[in-house]
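Encoded as structure tokens, the structure appears first; notes follow it.
Chain letters run A, B, ... following the sequence lines, proteins first, then strands; residues in each count from 1.
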Amino acid sequence: MNANTTETSTTLHSNRARGAAHLWSKTLIPTTREAPAEAESPSHIWLVRAGYIRRVGSGIYNYLPLAWRSLQKITQIIREEMNAAGASEMLMPALEPIELFKDTKRDIDYGDLLFKSIDRHGRAAALAPTHEEVITNLIHNTINSYKQLPLSLYQIQTKFRDEFRPRAGLLRCREFIMKDAYSFHLNIEGDGGLNEVYDAMYQAYCNIFARCGLDYSVVEAEAGPIGGSASHEFMVNCDSGEDTILRCPESGYAANVEKCEIGKRSASFEGEPSQELEKIHTPNLPGIDMVAEFLKTQPAAMLKTIVFQTTTDDAEPSWVLAVVRGDHEVNEGKVKDALQGQSITLADEKLAKQAGFTIGYVSPCAIKALGSRLNIRVLVDHDAAQGERAWATGADEKDHHVTGFNWKRELGNLLNDNASITIAEIRNAQAGDPSPRVDGQTLAQSKGIEVGHIFKLGSKYSDAMGLSIADHTQQRQSVVMGCYGIGVSRTLAACVEMSHDDFGIIMPPAIAPYLVLITIMKPDQENQMDAALKLASKLASIGIDVLIDDRKERPGVKFKDGDLVGIPIRLTIGDKALDQNCVEFKKRDEPGKGDLVPINEVAIRCQSILT
RNA sequence: CGGGGUGUAGCGCAGCUUGGUUAGCGCGUCUGACUGGGGGUCAGAAGGUCGGAGGUUCGAAUCCUCUCACCCCGACCA
């Protein structure tokens, strides 16, 4: 009986038209000739102009029919791949009691990013920015044997983050659609361990972004508490992206600029002075570039000294001077690593000045002057630790710099004291730096937009929320977790950012709102309208989504709008083609007017585009 | 949050410095005609709390005070 029912419904289903065949005049596609003044980034401009989205408030958007259809296609691909990776879909609430965030202290850590609300009883709740707490709590209450692990769950849902500065349309919203998945394990290694599922998710993500038709990169991100490469970011490659990716062309190593390691570099404080140390008056010169220009040198010939302080609670802070070349940037995370994870922060300007640092004009010599009184460590980047060079740097005196700085002459014996002065990797990598993987190879730089991030969480949340479970030897163990996110609405924006031209969006077939746009030259002419409807229903019957532009507009308007919305295939129905039983077949990403294709061959040709 | 900027018709803007009747222009919209393969032409029309509140003034889009909203650049994130 059951089997029969299933069979019947399957049959019914396969007989039914599976694709959509919609009329432009009966849906909402408000294209515009001009973009609103507020839109600057390409994806924002085109999504608004093509009638995909409209702004409701800052960082809050309506997804109009075209956008929603695309988003549905993206989420469908995500669902298929997540299910294939063994994850089960569920749905958690967007509204969460604030207490849930107390255990993990994220009510504080997240700070103002958390949307908070008070209900009529005075109870505080938050609009969920993510769901680690809710799901950890759920697992805590529902899993009571190690035999139920591993377990992977996911949801696709609206998230809320009260961003300081929402921007670029769908790229950074305060309300956005996200797929978030969480996995729970007893072990890291081995069968059913975190690593196994992490690898499966990694593969699923590759499948997802490839199927969406996106040009993407997988990039190593900050290593988690477990160590190793415990986190990866998935970036859509595009020049307008905000994230900088560095990669070794030979080994394939790729990483976010903040996390990228730098290969071997030689460094030595040895070297005789080649010129006198000269103090120069340099007033009113904000920024190292202007100072360099004034001193008739380059930022690369200067030393930049950034003052950090340790964040110990009550005791007097100790100070860390991070010295890099003037054209390089100090990386706080790497400074922290160089100090064995000691917690530091950029020095408070007032405190630092009180302590004696001439902020803005600090040089490594500050340790000579202040070292007897204060607890100071100096970390010097390899490229700054070049003893044979004569450097320009601050003079530790307001409005003054020095030239001719020589490490050995200026710092002398202090250089031998490893507790005081250490050479360490403390700066951001940049293009041209040596590859950390292949000797002699250099890093190349590109830009991207982060659309996915997978992470080995370890037991951070389970420990904070008391989620542990007894293994087969009755030993209680912390549950190990992984989490895996995809910015769904951002993916749509990133796609447009990556794929557009001067006329509008160019949608990849897999996530286009419709695969085919039928443009009718004369919709009030019955034979043209008939041909369009007939063709549309045929295409729909084999699962192809079709939009029919039946508007009584001039051809130019329809062609322009067609290019704008970016549907991959345009079929133009006009008298000339119809006389030969043909339609004009044109792909959005190809120039020209397309070519004549017999109507009965159109379906096959459309299908071939999809695969 | 720090810095910069903008609010005038559905969209893009002018007008504000130096206050003066009925607030303009382009696009879009509506009506009609001619058109008809890349945002066509002509004629006509509709459409405005000038972001809001208060003040100065005989009189405010314009000057003053407060306020709200939005955007851009910086630090974080899917």
Side-chain angles (χ1 to χ4, degrees), chain A residues 30-41 44-45 48-49 51 54-60 74 78 109-114 129-131 156-181 205 209 221-222 231-236 241-243 256 258 286 329 332-333 345-346 448-455 483-494 502-504 519-525 528 551-564 570 572-577 584 586 591-594:
Chain A
T31 59
T32 63
R33 211 187 253 252
E34 278 168 307
E38 70 211 28
E40 290 208 346
S41 66
H44 190 186
I45 292 171
V48 172
R49 281 199 52 196
R54 279 296 165 92
R55 194 175 68 81
V56 177
S58 176
I60 308 171
I74 295 170
I78 292 174
D109 289 354
Y110 247 89
D112 292 335
L113 216 53
L114 207 57
T130 172
H131 281 79
I156 296 169
Q157 187 220 35
T158 299
K159 295 279 190 279
F160 300 86
R161 292 184 192 172
D162 195 0
E163 294 282 351
F164 282 137
R165 186 156 93 82
R167 85 171 93 140
L170 253 34
L171 279 178
R172 181 178 306 175
C173 286
R174 297 197 298 165
E175 180 183 324
F176 59 99
I177 301 171
M178 178 174 173
K179 187 280 303 181
D180 49 325
Y205 271 47
F209 294 119
E222 195 182 333
S231 176
H232 288 89
E233 290 172 343
F234 290 75
M235 306 268 198
V236 169
E242 290 190 313
D243 291 292
N256 202 321
E258 289 86 24
E329 272 178 39
E332 196 173 320
T345 172
L346 207 60
I449 300 169
E450 184 185 356
V451 289
H453 198 163
I454 58 177
F455 209 95
C483 77
Y484 319 90
I486 292 179
V488 177
S489 43
R490 177 183 280 183
T491 299
L492 175 61
D502 291 346
F503 304 103
T519 302
I520 309 176
M521 298 307 302
K522 295 177 183 164
D524 38 11
Q525 205 170 295
Q528 291 195 7
R551 295 174 301 165
K552 293 173 181 52
E553 289 288 351
R554 295 175 60 85
V557 174
K558 294 179 161 193
F559 290 143
K560 287 283 185 197
D561 272 351
D563 288 345
L564 204 48
R570 189 181 77 204
T572 307
I573 293 188
D575 282 332
K576 279 178 236 157
E584 276 169 41
K586 181 191 177 298
K593 300 206 162 188

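Between B/C66 and B/C27, the distance separating the two P atoms is 41 Å to the nearest Å. Between B/A46 and B/G59, the two C1' atoms lie 30 Å apart (nearest whole Å). Here, B/C16 and B/C64 have their C1' atoms 14 Å apart, quoted to the whole Å. Nucleotides B/C11 and B/G48 are separated by 15 Å at their C1' atoms, to the nearest Å. Using atom C1' as the reference point in both B/G54 and B/C13, the two lie 29 Å apart (nearest Å). Here, B/U18 and B/G28 have their P atoms 38 Å apart, quoted to the whole Å. Only the P atoms considered, B/G5 is 43 Å distant from B/G44, to the nearest whole Å. Nucleotides B/G32 and B/G37 have their C1' atoms positioned 25 Å apart, rounded to a whole Å.
Here B/C13 is the nucleotide among B/A75, B/C13, B/G38 with the atom lying nearest to any side-chain atom of A/Ala37. Looking at the side chain of A/Glu38, the nearest of the listed nucleotides B/C70, B/A78, B/G39 is B/C70. Side-chain atoms of A/Arg167 lie closest to B/C73 of the nucleotides B/C70, B/U29, B/C73.
For B/A43, the paired base is B/U31 (Watson-Crick or G-U wobble, both distances below 3.5 Å). Across all strands shown, B/U21 forms no Watson-Crick or G-U wobble pair with both key distances under 3.5 Å. Under the Watson-Crick or G-U wobble criterion, with both distances below 3.5 Å, B/C70 is paired with B/G5. In this structure, B/C16 forms no base pair with any nucleotide, since neither Watson-Crick nor G-U wobble geometry is met with both distances under 3.5 Å. Nucleotide B/U56 forms a pair with no other nucleotide shown, judged by Watson-Crick or G-U wobble geometry with both contacts under 3.5 Å. Remark: B/G36 base-pairs with no nucleotide; criterion is Watson-Crick or G-U wobble with both hydrogen-bond distances under 3.5 Å.
For the side-chain contact (heavy atoms from CB on, under 4.5 Å) with A/Ile74, the qualifying choice from A/Val488, A/Ile486, A/Ile177 is A/Val488, the only one to do so.
Within a 6.0 Å sphere centred on CD of A/Gln525, heavy atoms belonging to other residues, nucleotides or ligands number more than 12.
No engagement by A/Ala493 is indicated, since no non-hydrogen atom pair under 4.0 Å with the nucleic acid exists. Here A/Arg49 lies in heavy-atom contact (under 4.0 Å) with a base. When heavy atoms are screened at a 4.0 angstrom cut-off, A/Glu233 is found touching no nucleic acid atom at all. At the heavy-atom level, A/Ala35 lies under 4.0 Å from the strands shown only through sugar-phosphate atoms. Within the 4.0 angstrom heavy-atom criterion, base atoms lie near A/Arg570. Heavy atoms of A/Ile454 sit nowhere under 4.0 angstrom from any nucleic acid atom. Contact annotation for A/Asp180: no contact, since no heavy-atom pair falls under 4.0 Å across all strands. Looking at heavy-atom distances under 4.0 Å, A/Glu40 makes contact with sugar-phosphate atoms alone, never a base.
At least one side-chain nitrogen or oxygen of A/Arg165 sits closer than 4.0 Å to the OP1 or OP2 atom of B/C72. Between A/Thr32 and B/C27 there is no side-chain polar atom (N or O) within less than 4.0 angstrom of OP1 or OP2.
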TODO: For nucleotides 40-45 of chain B, just jot down a letter per nucleotide in 5' to 3' order: B, S or -, based on protein non-hydrogen atoms under 4.0 Å.
DONE: B-----
Task: Protein-to-nucleotide contact annotation, 5' to 3' order, nucleotides 46-51 of chain B [B base; S sugar-phosphate only; - none; under 4.0 Å, heavy atom] - done: ------
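One distance of note links CD1 of A/Ile78 with CZ of A/Phe209; it measures 6.5 Å at 0.5 Å rounding. Distance check: A/His44 NE2 to A/Arg172 CZ gives 14.0 Å after rounding to the nearest 0.5 Å.
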Short heteroatom pairs, N/O only, protein and nucleotides 4-9 of chain B, under 3.5 Å:
none

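Nearest heavy atom pair, residue A/His131 against residue A/Gln157, reads CE1-OE1, 3.0 Å.
In summary, the side chains of A/Asn256 and A/Glu450 do not present any donor paired with an acceptor at a separation below 3.5 Å, with no hydrogens or angles considered.
A/His232 and A/Phe234 have their aromatic ring centers separated by at least 6.0 angstrom.
Both thresholds, 5.5 Å between centres and 30° between ring planes, are met by A/Phe176 relative to the base of B/A78, so the two rings are stacked.
Counting distance only, with no hydrogens placed and no angle test, the side-chain atoms of A/Glu584 and the base atoms of B/G37 include a donor-acceptor pair under 3.5 Å.
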